[in-house]
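Letters A, B, ... are given to chains in the order of the sequence lines, protein chains preceding strands, and every chain is numbered from 1.
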Protein chains: 2
Amino acid sequence: MEKARTTLRLQDVAEQAGVSIATASRSLSGATGVSPSVAERVREVARQMGYVANLHARSLAAGTSRSVGLVVHEIGDPYFAEIASGVLRVGAREGLTVQICHSGRDPERELDQIRMLVANRVGAVVIAGSGFVDPAMQAAARADLQAYRRNGGRVAVIGRHHLGVDAVVPDNIKGGRAVAEHVLGLGHRSIAVATGSRELTTIADRLTGVAEAFAAAGIDFDRVPIIEAAFTRDGGKAAAEEILTRHRDVTAVLAMNDDMAIGILSTLRSHGVSVPDQISVSGFDDVAVAQDLSPSLTTVRLPMVEMGESALELALKEPAARPRRQRAAHQLVVRGSTAPPPA
Amino acid sequence: MEKARTTLRLQDVAEQAGVSIATASRSLSGATGVSPSVAERVREVARQMGYVANLHARSLAAGTSRSVGLVVHEIGDPYFAEIASGVLRVGAREGLTVQICHSGRDPERELDQIRMLVANRVGAVVIAGSGFVDPAMQAAARADLQAYRRNGGRVAVIGRHHLGVDAVVPDNIKGGRAVAEHVLGLGHRSIAVATGSRELTTIADRLTGVAEAFAAAGIDFDRVPIIEAAFTRDGGKAAAEEILTRHRDVTAVLAMNDDMAIGILSTLRSHGVSVPDQISVSGFDDVAVAQDLSPSLTTVRLPMVEMGESALELALKEPAARPRRQRAAHQLVVRGSTAPPPA
DNA sequence: GTGAAAGCGCTAACAA
DNA sequence: TTGTTAGCGCTTTCAC
């Protein structure tokens, strides 16, 4: 008794169409050198049989694959979800499959995930998590990535990394400066900053911009309360609690991302503190809900979806001699959560 | 001149370690039947050389792959982002890579994506988009999926589908009923419903539950204004505009998801309509920001992350004789956006 | 324009 | 316990 074949092979299609496997291959992959009529017939037969090529076999034989990888800190976070959306969009357009993985803001996990992607022989990888300030921390990742690139792999990152690869970089410094200038311009002088870990370059840069604005306004940044907490809504809540307890004179809070700002708004509201009448709050990123909050959130808009798109497009381009750096536009978006300080 | 090998092969590791390629394979894949000392040595050599196995070759030879697929409508949508987070979490735990793709709520695109996943020989696919009410619409997908399963592929869906596979199903009917009963219980009688396309089973079910509650309250559901718009924030805004224009007597709006509810809140606010004093608003899903809105949103909580986890776990289990159906707990969460109607 | 055949890098019988 | 070898399904020279 013959063992029944389960999956269709290219050979089955070839036999059915009465051509050689080579011709079948050429017909289906759209290669040149097959007479149009034959190619069409093969395609028709394949379609009717419901044949789907085995991409593993194809990748193995051709040495290239139609897939790319994306590393994010956490896909449930709107910031990364929107970036992923952009990456998926370009991927679909180019007929690429996209593997997404979490790094959980952990450099070691990030490295593991990169290794896995390399093992999967993806054609390109996009790293969307923020880099770490400490270059040593990324030495291993950098080495792996270099080896990967020597073998023809493409890499692009979003944000500032020490990886020596193409990058889409939002100007976090200028953005931080813009939002701080806005709040200072409203007349605030007693300002607190709510931030995540300064080990992340994204955060470090935003803080740098804020510091610049303070310096320009003649304010000693060392005296400004910087509340460091998780870079999440819960972190924002914790920061707000601390501000209400230990910095009662504060009239404005600069959150280093929207998530924290949302948590801050929530906590202030539950404490009966009116925004922006008593305290102004600003965010950073302009996630989709920022405009629908009440009050709507003053923030710095980063085009996350476009950044995802650009990053993959950059990675897909012919590699350049030296790393390319593409700036992402940022834009101060003034909404209802900021106003002059109470008289 | 010999062409320089770029990527390391298993053979290179085997030679370096002084063993056969078979032994090297067994050592690295953790298979039994190798002396511990040899296995350890091989692993050490591989690590030092920086060898990463070619997963395509492995999949092709072994006929199985350590990857799974996830199909969502749109990863930028928090609902799906949270589900994806759950899937990625389990995937990481099990050492699986996850391919994510967009269907864009388009049955044809969904089919294409499924085909692509099948071509990639993923071990399992999780479909997270809502199914369509019209069974004919999914006939093709169903056929493809059946063939995939006959070849050993696993499938699980989130939500009600006509696909004949394992499913994680939120009880949308009861959830719809619960939120409608809550609003009716507050005394509202002039209620509008804001919804997305009823072609989606998720939405159809929620509406069914709502209708049940209305019937139980002795209200003719046919007289209730049902505003159909995009199942997004923008759709919610459009629905709110219409309600303000054409249904001025409405004291409560039931939105069939949080996204729409957020858009509704936003539009009502910009029109100076107070929530919940003048109009109550409810949502569905309990996306993370729902609790941080102002007013915080009354909604039906669905454990999205857990649903994603369960779906992949279900797909990874040994297949059962008949499709399994796992209920996801839902819970009415009463917050600030609902109150009795104005006197 | 088409076909035969040699791999792509790995796993899994089967032998030793 | 270890090694030899035949594929996995496809692409791609190289002949014809």
Side-chain angles (χ1 to χ4, degrees), chain A residues 3-43 45-46 49-67 118-123 151-152, chain B residues 3-43 45-46 49-67 118-123 151-152:
Chain A
K3 182 180 159 211
R5 277 227 61 73
T6 49
T7 320
L8 258 32
R9 302 188 320 294
L10 181 57
Q11 168 132 29
D12 302 322
V13 176
E15 282 170 7
Q16 185 78 20
V19 296
S20 77
I21 186 175
T23 299
S25 170
R26 289 192 267 256
S27 303
L28 294 178
S29 66
T32 170
V34 194
S35 78
S37 61
V38 173
E40 182 46 51
R41 182 157 49 82
V42 172
R43 276 193 288 269
V45 168
M49 297 175 79
Y51 169 77
V52 256
N54 183 327
L55 261 29
H56 292 305
R58 179 172 285 182
S59 296
L60 186 56
T64 63
S65 88
R66 300 293 298 163
S67 72
V118 171
N120 272 289
R121 297 298 188 272
V122 295
N151 290 320
Chain B
K3 182 180 159 212
R5 277 226 62 72
T6 50
T7 321
L8 258 32
R9 303 190 316 299
L10 182 56
Q11 168 129 33
D12 302 323
V13 176
E15 282 170 7
Q16 184 78 19
V19 297
S20 76
I21 186 176
T23 299
S25 171
R26 289 191 269 257
S27 303
L28 294 178
S29 65
T32 169
V34 193
S35 79
S37 60
V38 173
E40 182 46 51
R41 183 157 47 82
V42 173
R43 275 194 289 270
V45 168
M49 297 174 80
Y51 168 77
V52 256
N54 182 327
L55 260 29
H56 292 304
R58 179 172 286 183
S59 295
L60 186 57
T64 64
S65 88
R66 300 293 296 163
S67 71
V118 171
N120 272 289
R121 297 301 189 271
V122 295
N151 291 321

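The heavy-atom pair separating A:Val45 from A:Ala17 by the smallest distance is CG2-CB, 4.1 Å. Across all non-hydrogen atoms, the minimal contact from B:Met49 to B:Val13 is SD-CA, 3.9 Å. In this structure, A:Asp12 and A:Thr7 approach most closely via the heavy-atom pair OD2-O, 4.1 Å. Considering all non-hydrogen atoms of both residues, B:Ala24 and B:Leu10 come closest at CB-CD1, 3.8 Å. Of all the heavy atoms in A:Val52 and B:Arg121, the pair that sits closest is O-NH2, 3.6 Å.
Per the geometry, CG belonging to B:Leu60 stands 4 Å off C1' belonging to D:dC8, to the nearest Å. Taking atom CZ of A:Arg66 as the reference point, atom P of D:dT11 lies 13 Å away to the nearest angstrom. Distance B:Glu40 CD to D:dT2 P: 14 Å, rounded to the nearest Å. As rounded to whole Å, 8 Å separates atom P of D:dT11 from atom CG of A:Leu28.
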In B/S/- notation, 5' to 3', how is nucleotides 10-16 of chain C contacted by protein heavy atoms closer than 4.0 Å?
BBBB---
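Among the heavy atoms of the strands, none lies under 4.0 Å from A:Gly63.
Phosphate contact (OP1/OP2 of C:dG1, side-chain N/O of A:Thr23, threshold under 4.0 Å): absent.
Taking the side chain as every heavy atom from C-beta outward, A:His56 and B:Ser65 approach each other to under 4.5 Å.
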